[in-house]
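To find a chain, count down the sequence lines: A is the first, B the second, and so on, and within it residues start at 1. All heavy atoms count here, side chains included; hydrogens, waters and symmetry mates do not.
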Amino acid sequence: MDFSQLNAAEQAQMSRILEKKQMQDFLKMYSNLVERCFNACCNDFTSKALSSKEEQCLSHCADKFLKHSERVGARFAELNSKWAPPTSESYSIHLASRVALRSHIKTYEYID
Amino acid sequence: MSFLGRGPVAPSSAGPLSSERVEAAIQEVELVTDVFNRIVSSCHSKCINQRYLDGELSKGESVCIDRCVAKFFEANKRMGEKLQTMGAAAG
């Protein structure tokens, strides 16, 4: 992502916004991780305490997910530099959504 | 002066805040973050053994992740091209 087009005031605002977004993203990732590992590991409800097997499973699950996320991040960074969403592409997606909206409106014209 | 569409331009250190530019940048950040989260989720479902016998990624899982990410980007690119042709045809 290239922010060299923004002036100093804009860059300052961007970094504030980015920080906030990163925090939100982290919290989202955390709850996602908890749910994922819970669903995978905790399926025995004969007791309300976590068994040692479940504890180990949760620990492995968290480790694995974080390592996985790290690896995806590394590959993503390599490939992202090659894939930059150019403005023309975004514009065509905008066009496509207008097409979808038009046909959606058309269906309502017949309803009277 | 740059004759390329979005060539490198020296940033003006002064100047008013253009909320338009900031909004466009925010949208790009959101798009990239969204794509990243989707890749993490998809490739995790497809590549990682759900039994969690070990806390380390196996060699097979690592290779799978590399290929999964590459394929996702490829699919993303094709989709973008497809939408472009569809948009141009209908536009």
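- Per-residue counts of heavy-atom pairs under 4.5 Å with chain B were compared for Ala12(A), Cys57(A), Cys37(A); the largest is that of Cys57(A).
- Contact of Lys64(A) with chain B is made through backbone and side chain together, with heavy-atom distances under 4.5 Å.
- At a threshold of 4.5 Å between non-hydrogen side-chain atoms, the residues Phe36(B) and Asn80(A) do not count as touching.
- Your options are Ile39(B), Val40(B), Thr33(B), and the one with the most heavy-atom pairs under 4.5 Å with chain A is Val40(B).
- In this structure, chain B has a heavy atom under 4.5 Å from the side chain of Cys41(A), while its backbone stays farther away.
- The distance from the CG atom of Asp25(A) to the CG atom of Asn37(B) is 4.5 Å, given to the nearest 0.5 Å.
- Note: Glu78(A) CD to Phe73(B) CZ = 10.0 Å, rounded to the nearest 0.5 Å.
- Taking CD from Gln50(B) and SG from Cys61(A), the interatomic distance works out to 7.5 Å, rounded to the nearest 0.5 Å.
- Under a 4.0 Å N-O distance rule, the pair Arg71(A)/Glu61(B) does not qualify as a salt bridge.
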TODO: Verify side chain to side chain contact (heavy atoms under 4.5 Å, CB included) between Asn7(A) and Arg21(B), making sure each step is shown before the conclusion.
DONE: CA-CA 10 Å; Asn7(A) 64 33; Arg21(B) 276 205 296 255; 3.9 Å; yes
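- Contacts of Ser59(A) with chain B are absent, with no heavy-atom separation under 4.5 Å from either backbone or side chain.
- Distance check: His44(B) NE2 to Asn32(A) CG gives 9.0 Å after rounding to the nearest 0.5 Å.
- Note on Met29(A) and Leu58(A): separate hydrophobic clusters, where clusters join Ile, Leu, Val, Met, Phe, Trp and Tyr whose side-chain heavy atoms are under 4.5 Å apart, directly or indirectly.
- The residue among His68(A), Arg36(A), Lys67(A) with the most heavy atom pairs within less than 4.5 Å of chain B is His68(A).
- Hydrophobic clustering (ILVMFWY, side-chain heavy atoms < 4.5 Å, transitive): Phe38(A) and Phe65(A) are in distinct clusters.
- Listed options Ala70(B), Cys43(B), Ser62(B) were ranked by heavy-atom pairs under 4.5 angstrom with chain A; first place goes to Ser62(B).
- Among Leu53(B), Ile48(B), Asp54(B), the residue with the largest count of heavy-atom pairs under 4.5 Å with chain A is Asp54(B).
- Under the 4.5 Å side-chain heavy-atom criterion for grouping Ile, Leu, Val, Met, Phe, Trp and Tyr, Leu33(A) is connected to Leu27(A) within one hydrophobic cluster.
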- [ ] Verify side chain to side chain contact (heavy atoms under 4.5 Å, CB included) between Val29(B) and Ile17(A), making sure each step is shown before the conclusion.
- [x] CA-CA 10 Å; Val29(B) 167; Ile17(A) 293 170; over 6 Å; no
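- Between Leu79(A) and Phe72(B) there is no side-chain heavy-atom pair separated by less than 4.5 Å.
- Chosen from Glu10(A), Gln56(A), Arg75(A), the residue pairing most often with chain B at heavy-atom distances under 4.5 Å is Glu10(A).
- Closest heavy-atom contact between Gly55(B) and Asp63(A): O-CB, 3.4 Å.
- Only the side chain of Gln13(A) comes within contact range of chain B, with heavy atoms under 4.5 Å apart.
- Applying the 6.0 Å contact sphere to CD of Gln27(B) captures no more than 12 heavy atoms from other residues, nucleotides or ligands.
- Note on Leu66(A): it does not cluster hydrophobically with Tyr30(A), by side-chain heavy-atom contacts below 4.5 Å among ILVMFWY residues.
- Linking ILVMFWY residues whenever their side-chain heavy atoms come closer than 4.5 Å, directly or via other members, places Val32(B) and Met23(A) in the same cluster.
- Interface residue Glu30(B): only side-chain heavy atoms are found under 4.5 Å from chain A.
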